[in-house]
Each structure stands twice: as C-alpha cells, then as structure tokens.
S.K.: 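The structure is given below, and queries will be raised subsequently.
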There are 2 protein chains.
Amino acid sequence: MTVLQGPLADRDAWSAVGQCPIEKTMSLLGTKTTMLLMREAFYGTTRFEDFWRRVGVTKAAAAARLSELVDAGLLERRPYQEPGQRRRDEYVLTDAGRDFMPVVWAMFEWGRRHVDDSRLRLTHLGCGEEATVEIRCAAGHEVPADELGMRLVRGR
Amino acid sequence: MTVLQGPLADRDAWSAVGQCPIEKTMSLLGTKTTMLLMREAFYGTTRFEDFWRRVGVTKAAAAARLSELVDAGLLERRPYQEPGQRRRDEYVLTDAGRDFMPVVWAMFEWGRRHVDDSRLRLTHLGCGEEATVEIRCAAGHEVPADELGMRLVRGR
DNA sequence: CAGGATCCCTAAGGATACTG
DNA sequence: CAGTATCCTTAGGGATCCTG
C-alpha cells in the first residue's frame, strides 16, 4: 500500500502534519445529496427546480446543500431572467467545482464496477474512447497501489 | 461540462438507466469515518487498535464501519497470532478496496488544494515525481471538463 | 488487545404548508 | 419557479462500562 516516507514513516508521529485534507473535504461536502448535486452540475443542470427533482430530494434539502456548495466555492449563484418572469439565480460551476470532478467520477467508477453493474460509461468526447479516473505521476506513469507514497514538502 | 450523448441527451428521460452508481457508493461508504479508515488501510494500518486511534473515533464507531467495509468487500479479516496471545483478526485490503484508492486520494487532492493548504504530497515511489488523480481516456488523453461525456452501452 | 452494549446528541432528510 | 418554516425520523458518533 501507500508507503510513508522520511519523517512520515512512523504513522503515529504525524501531529506536525495537522488535520487531513480528506477529513476536511468530507466534513464540508461529505453527504450523498452533495455528491449528487455535483453530479447534476457536471451534467449541465443549473436551475434549482432541476436540481432537487433530478437528485430526488426535497427542496429544503437541496437548498441547504446548494448553499453550502456556494459557500465552499464549488458553485456560484448567477442571476438570469426569463422573459416576463422575475429575476432568479442559477447555480454554475466554478473552477474549484470543476476540480471536484475526479472525486465524483471516481465514486461513479467504483460503484459501477463493484456494486451497480451499470451500463453507463464515461467517455472522452474528443476521441470517443472510454475514460477512467486514475492516479498518475508528473512523469506520466500510472501509479499502482504499492508504488504510491506520501511526502512532506516544506514551506508552502 | 459533461455532455450527455444519444438517448441520454434529455436528462429527464433517464428512468431506463436505473439508480446512479454514485448514489450506491455513497449509501454504502459515504461517511467521514469510512473514508478515513480507508485512508489508514492505504497507509498500511491493519490492527483494530491502530484504526480507531489514528482515525480518532471511538472503538464502537470503528468496529461498525470496519464491519461494513468487510461486508462491502473492501477489507478482509485475516487471522493472526502474536506469541503468547490469543488469535485475533487484522483488516487487509482486497482488490475492490485497492480500487477505491482514486476516490480517497481525489478527496485528498481536492482538500489539499482548496481548503487545507497541506504540505503532504502524493508521490510515485518509482520515480519520485508528484502524483495526482486525473481523468484520462483509453487513448491516453487527459480529459478536460468540457470533453467528458456519458454514454450508454448495451448488454453488460 | 478486540470488541459489544447502552444512553445521549446532532446533522441530514422527508413531508407538508406557506411566500414572493 | 425558487425558495423558507415546521415537525418528525433516522443514522452516525461520543462517552462509558463490560467481556473474552
């Protein structure tokens, strides 16, 4: 599995490292509804009504989670106006929101392979090939489980 | 964003597709404790005591989530015996568990970049380069948000 | 060390009704 | 359409005590 390097070798001496980013991410966005709202945003949904109906939750739940997503910076409220209607807001992805795609699609892929047996496939529209979520290094190698390590950098 | 192709173009006509794998994955494994237990498993933790202590939860919570992970097939109980001690079980990753790595490390990466500002970095031990979680197609292209689509395959 | 049992608390959601 | 307000239920988790 993941190997801990240098000062990290002793898993119990991690106090200097601080709270884990996984924990912070889960505390902020770790509910089923939140993941499904992000899925919808990736599918192109922007209107409140479409969000709660497609995700299958009540308006109250959708409103609460959408506000959290806006506060966390993954979605942005943008005003729009339909002819003859009053001004409303729609929810659009920010860069931080788009950056969340690997999380959502990694869950999709795991579920598809190990529980769901779904017929849906992620696709690269550019070339038509199937797409997957993978761990890869800056040199371009795909990183298998036993070659993945954790390192502590200094400064920022 | 993600573009829906062919019969999927109308997001509201998805009844044939069935329940989303993301939803199933979150229903099964969507708690903070579960994610942190998987993080520990990736770090190499196998003993019950280490799990609950390092994740920072009570033994009751750890036992409940670990059992779920075993039932879901991500961890496996394996008997071991220390000299002079009774037989106990340790928890080791299965293939399905290793397959869950992109989910956990994608969360890690998002949190590190957008909330935590952590000094930890994923590393490819083979070459020493930094590793990230990315979406890539079978032809080897990295897939940007606006080139990711969803397709419905037939049969299995 | 590896749990199971009990009691209490909190966050997330469902249902339903109401407003601009 | 886009929410807000209220009431209720449930799952996850903390604390504490007990057992093999």
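Scope of the values below: all heavy atoms of this structure, side chains included, with no hydrogens, waters or symmetry mates. First the proteins, then the strands, lettered A, B, ... as listed; each starts at 1. In this text, all values refer to a predicted model and were calculated from it rather than measured experimentally.
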S.K.: For Glu68(B), give me all partners under salt bridge (Lys or Arg N to Asp or Glu O under 4.0 Å), at least two apart in sequence or on another chain.
M.R.: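 Salt bridge (Lys or Arg N to Asp or Glu O under 4.0 Å) list for Glu68(B), sorted by chain: Arg65(B).
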
S.K.: Under 4.0 Å between a Lys/Arg side-chain N and an Asp/Glu carboxylate O for Glu90(B) and Arg47(B)?
M.R.: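 Answer for the salt bridge query: yes.
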
S.K.: Any side-chain donor paired with an acceptor under 3.5 Å for Arg77(A) and Tyr91(A)?
M.R.: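 Distance-only check passes for Arg77(A) and Tyr91(A).
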
S.K.: Measuring to OP1 and OP2 of dA2(C), would you say a side-chain N or O of Arg87(B) lies under 4.0 angstrom away?
M.R.: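 Result: no.
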
S.K.: Identify the pairs formed between an N or O of the protein and an N or O of nucleotides 16-20 of chain C at a distance under 3.5 Å, and give each distance.
M.R.:
| from | atom 1 | to | atom 2 | distance (Å) |
| --- | --- | --- | --- | --- |
| dG20(C) | N2 | Arg86(A) | NH2 | 3.1 |

S.K.: Using a heavy-atom cut-off of 4.0 Å to chain B, what are the terminal contacting nucleotides of DNA chain D, in 5' to 3' order?
M.R.: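 So the outermost contacting nucleotides come out as dG12(D) to dG20(D).
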
S.K.: Check the angle between the aromatic planes of Trp110(B) and Phe100(A) and answer parallel, tilted or perpendicular using the 30° and 60° thresholds.
M.R.: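 Rings of Trp110(B) and Phe100(A): perpendicular, as their planes differ by over 60°.
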
S.K.: Which parts of residues 41-56 of chain B get close to DNA chain C, meaning a heavy atom less than 4.0 angstrom away?
M.R.: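 Those residues are Arg47(B), Phe48(B), Glu49(B).
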
S.K.: Which distance, rounded to the nearest 0.5 Å, do you find between the CD of Glu76(B) and the CG of Leu69(B)?
M.R.: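 The CG atom of Leu69(B) is 13.0 Å from CD of Glu76(B), to the nearest 0.5 Å.
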
S.K.: Around atom CZ of Arg113(B), are there more than 12 heavy atoms of other residues, nucleotides or ligands at under 6.0 Å?
M.R.: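 Yes, the 6.0 Å shell around CZ holds more than 12 heavy atoms from other groups.
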
S.K.: Enter the distance from Lys59(A):NZ to Leu66(A):CG here, rounded to the nearest 0.5 Å.
M.R.: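 One finds 13.5 Å between NZ of Lys59(A) and CG of Leu66(A).
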
S.K.: Take the C1' atoms of the five end pairs on each side of the helix from dC1(C)-dG20(D) to dG20(C)-dC1(D), derive the two axes, and give their angle rounded to 10 degrees.
M.R.: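 For the helix from dC1(C)-dG20(D) to dG20(C)-dC1(D), the axes at opposite ends meet at about 40°.
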
S.K.: Might you point out which heavy atoms bring Met107(A) and Val103(B) nearest each other, and give the distance in Å?
M.R.: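 Closest pair (atom of Met107(A), atom of Val103(B), distance): N-CG2, 3.7 Å.
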
S.K.: Do Glu40(A) and Arg11(B) meet the salt-bridge criterion of a basic N to acidic O distance under 4.0 Å?
M.R.: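 The answer is yes: the pair qualifies as a salt bridge.
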
S.K.: Partners of Asp12(B) by salt bridge (Lys or Arg N to Asp or Glu O under 4.0 Å), sequence neighbours excluded?
M.R.: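 For Asp12(B), the residues satisfying salt bridge (Lys or Arg N to Asp or Glu O under 4.0 Å) (neighbours in sequence not counted) are Arg53(A), Arg54(A).
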
S.K.: What closest approach, in Å, do Trp105(A) and Met150(B) show between heavy atoms, and which atom pair accounts for it?
M.R.: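 For Trp105(A) versus Met150(B), the nearest heavy atoms are CZ3-CE, 3.6 Å.
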
S.K.: If each of Tyr80(A) and Lys32(B) is mapped to the nucleotide of DNA chain D with the nearest heavy atom, which maps nearer the 5' terminus, i.e. the 5' end?
M.R.: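 Looking at the nearest nucleotide for each, Tyr80(A) comes out on the 5' side.
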
S.K.: Strictly below 4.0 Å, N to O, side chains only: are Arg112(A) and Glu130(A) in salt-bridge contact?
M.R.: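 Salt bridge: yes.
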
